[in-house]
Amino acid sequence: QVQLVESGGGLVRPGGSLRLSCAASGSIVAIDTMGWYRQAPGKERELVATLTMIGSSKYADSVKGRFTISRDNAKNTVYLQMNSLKPEDTAVYYCNADARVWPTSWRTDNYWGQGTQVTVSS
């Protein structure tokens, strides 16, 4: 009922930058939180960053100081600005959202995007 579409992934050299975008669509009443997770081959999916509607953000220690999460509430879009990228940042990055949809606006449901590949290599 809510579709999350990521974009902005690709190949970048170590030390470079990328900006990921995630646009939510559907019968959305409100999105309480949005965030990014990532999964490298053979590894478990891990939290990268989250952002609440009121602006509270959380970051994994491995990306703190390098990544910045932001959102445009009017567009139901979340962004992840990734700077000083390292080879260990290579992973599939997934968008996640806690959202309320019509007509079940009394409850919050969790949704995932399809993922976008980020590769950091020289």
Closest contact, heavy atoms only, [X] versus [Y]:
X     : Y     : result
Val78 : Cys95 : CG1-SG, 3.8 Å
Ser17 : Ser84 : OG-N, 4.3 Å
Met34 : Thr77 : SD-C, 4.3 Å
Leu85 : Leu18 : CD1-N, 3.9 Å
Ala91 : Ala40 : CB-N, 3.8 Å
Tyr59 : Ile69 : OH-N, 2.9 Å

- prompt: Quick one: does Ser121's side chain get under 4.5 Å of Pro87's, heavy atoms only?
  reply: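 No. Closest side-chain heavy atoms not under 4.5 Å.
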field: Minimum side-chain heavy-atom gap Arg66-Asp89 below 4.5 Å
entry: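 Side chain of Arg66 against side chain of Asp89, heavy atoms only: contact under 4.5 Å found.
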Calculate, to the nearest 0.5 Å, the distance between atoms [atom1] and [atom2] belonging to [X] and [Y] respectively.
X     : Y     : atom1 : atom2 : value
Met53 : Arg71 : CE    : CZ    : 7.5 Å
Lys64 : Ser57 : NZ    : OG    : 9.0 Å
Asn96 : Leu47 : CG    : CG    : 8.5 Å
Leu20 : Ser7  : CG    : OG    : 8.0 Å
Leu80 : Ser70 : CG    : OG    : 8.5 Å
Ile54 : Asn73 : CD1   : CG    : 11.5 Å

query: Are Val92 and Tyr37 connected in the hydrophobic side-chain network, where two residues link if heavy atoms are under 4.5 Å apart?
result: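 Val92 and Tyr37: one cluster.
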- prompt: Are Met82 and Tyr79 connected, step by step, through hydrophobic side chains (Ile, Leu, Val, Met, Phe, Trp, Tyr) whose heavy atoms are closer than 4.5 Å?
  reply: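 No, separate clusters.
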message: Check whether Ser105 reaches the backbone of Trp102 with its side chain - one donor and one acceptor, N or O, closer than 3.5 Å.
response: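 No, because the side chain of Ser105 does not come within donor-acceptor range (under 3.5 Å) of the backbone of Trp102.
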message: Test your reading of the model: is there a side-chain donor-acceptor pair from Arg100 to the backbone of Ala30, 3.5 Å cut-off?
response: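 Checked: no pair found.
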message: Assess the residue pair Thr108 and Asp32 against the criterion (side-chain hydrogen bond (donor to acceptor under 3.5 Å, both in side chains)); give the C-alpha distance rounded to whole Å, side-chain angles, the decisive distance to 0.1 Å, and a yes or no.
response: CA-CA 8 Å; Thr108 300; Asp32 294 333; 3.3 Å; yes
Verdict with supporting geometry, Ser25 and Asn76, side chain to side chain contact (heavy atoms under 4.5 Å, CB included): CA-CA 8 Å; Ser25 61; Asn76 287 329; over 6 Å; no
query: Under 30°, 30 to 60°, or over 60°: which ring-plane class applies to Tyr93 and Phe67, parallel, tilted or perpendicular?
result: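 Answer is tilted, since the angle falls between 30° and 60°.
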- request: Could you check Val2 against Val101 for side chain to side chain contact (heavy atoms under 4.5 Å, CB included), going step by step and ending with a plain yes or no?
  value: CA-CA 8 Å; Val2 172; Val101 300; 3.2 Å; yes
message: Show, in sequence, the C-alpha distance, side-chain angles and deciding distance for Thr90 and Gln117, and conclude whether the side chain to side chain contact (heavy atoms under 4.5 Å, CB included) test is met.
response: CA-CA 8 Å; Thr90 296; Gln117 177 71 49; 4.0 Å; yes
task: Begin from the C-alpha positions of Thr33 and Asp98 and carry the test side-chain hydrogen bond (donor to acceptor under 3.5 Å, both in side chains) through to its verdict.
output: CA-CA 5 Å; Thr33 64; Asp98 289 329; 2.9 Å; yes
field: Cation over ring face, Arg38 and Tyr94, 6.0 Å, 45°
entry: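 No, a cation-pi geometry is absent between Arg38 and Tyr94.
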query: Does any donor atom in the side chain of Glu6 or Gln114 lie under 3.5 Å from an acceptor atom in the other side chain?
result: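 Distance-only check passes for Glu6 and Gln114.
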